[in-house]
Amino acid sequence: MEVRVPHEWPSGAAAAEAIQDRLRPLLELDVPGPAAPRTVAGLDVSYADDGRLAAAVVVLDGTTLDVVEESVAAGTAAFPYVPGLFAFRELPALVDALRALKTVPDLLVCDGFGVAHPRRFGLACHLGVLTGLPCLGVGKTAFVGAYAPPGPRRGDTSPLVDGGEVVGRVLRTQDGVKPVFVSVGHRTDLDTACRNVLDLCPRYRLPETTRRADRLSRDALTA
DNA sequence: GCGACAG
DNA sequence: ATCTTGTCGC
């Protein structure tokens, strides 16, 4: 599929933040997301001991969750890990993997956050703008925002609030497991995003998209 | 000012 | 992210 060229690569933190600020106005938020996506792509990156990394994209049938297509791209950490600038670390390799895709997914599911970010422009926002596709983020641990623990049952949620605004939702994807943090990235709304994530979690805490991409990227690193 | 901080 | 065994539970 086609992916917009990222931009001139930032030389440092200040330049990276400037890029986020420049792209943020391009976000399309509060628009209805895909309630029943035909295909959903999961993205993840694994790291080796030496700085090598492997980015993986796995496209699943939105209904059966069967694998439709897979793509892997090898690369190198493109930026140091800085909370808030995490996207710049994995973006180049993820874009490579996406470009190799024959399928154009109806929805992208990222490891990390969307607008639940200090400058409201996390990885899911960045990938959304670059691809023009509906995109959401699923985080495993809290980053920004305050929240109350959601109820103990699958589907229970509580709002994630930062700076006086709701930036995401804490979602329990299975009875009694630790909740995940869902936030909108691009071209979708929070209700649809949470519905999508729940649909992608028929059995485990993390979405099948994420689990599949994680496994693929890890295997690619070994092989 | 200090600490905390997605993966 | 990654370093890491057994163990409890369905």
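Lettering of chains follows the sequences in order, A, B, ..., and the numbering in each one begins at 1.
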Does [X] reach a base, just sugar-phosphate, or nothing at all? Heavy atoms under 4.0 Å.
X: A/Gly139; result: sugar-phosphate
X: A/Ala142; result: sugar-phosphate
X: A/Leu85; result: base
X: A/Gly137; result: nothing
X: A/Leu123; result: base

Let me confirm one number: the [atom1]-[atom2] distance from [X] to [Y], rounded to the nearest 0.5 Å.
X: A/Leu130; Y: A/His186; atom1: CG; atom2: NE2; value: 10.0 Å
X: A/Cys125; Y: A/Leu29; atom1: SG; atom2: CG; value: 6.5 Å
X: A/His126; Y: A/Glu90; atom1: NE2; atom2: CD; value: 12.5 Å
X: A/Leu94; Y: A/Leu53; atom1: CG; atom2: CG; value: 8.5 Å
X: A/Leu171; Y: A/Arg154; atom1: CG; atom2: CZ; value: 8.5 Å

What is the distance from [atom1] of [X] to [atom2] of [N], rounded to the nearest Å?
X: A/Phe113; N: B/dC5; atom1: CZ; atom2: P; answer: 12 Å
X: A/Leu127; N: B/dG7; atom1: CG; atom2: P; answer: 15 Å
X: A/Leu94; N: B/dA6; atom1: CG; atom2: P; answer: 18 Å
X: A/Phe88; N: B/dG7; atom1: CZ; atom2: P; answer: 18 Å
X: A/His117; N: B/dG7; atom1: NE2; atom2: P; answer: 13 Å
X: A/His126; N: B/dG7; atom1: NE2; atom2: P; answer: 18 Å

Aromatic plane relationship, A/Phe113 with A/Phe143 - under 30° parallel, 30 to 60° tilted, over 60° perpendicular: parallel

Please list each protein N or O that sits under 3.5 Å from an N or O in nucleotides 1-4 of chain C, with the distance.
residue : atom : partner  : partner atom : Å
C/dA1   : OP2  : A/Lys140 : NZ           : 3.3

Can you check whether A/Thr141 has a side-chain N or O nearer than 4.0 Å to OP1 or OP2 of B/dC5?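 For A/Thr141, the contact criterion (side-chain N or O under 4.0 Å from OP1 or OP2 of B/dC5) is not met.
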
Considering residues, nucleotides and ligands other than A/Asp21, do more than 12 of their heavy atoms fall under 6.0 Å from its CG? yes

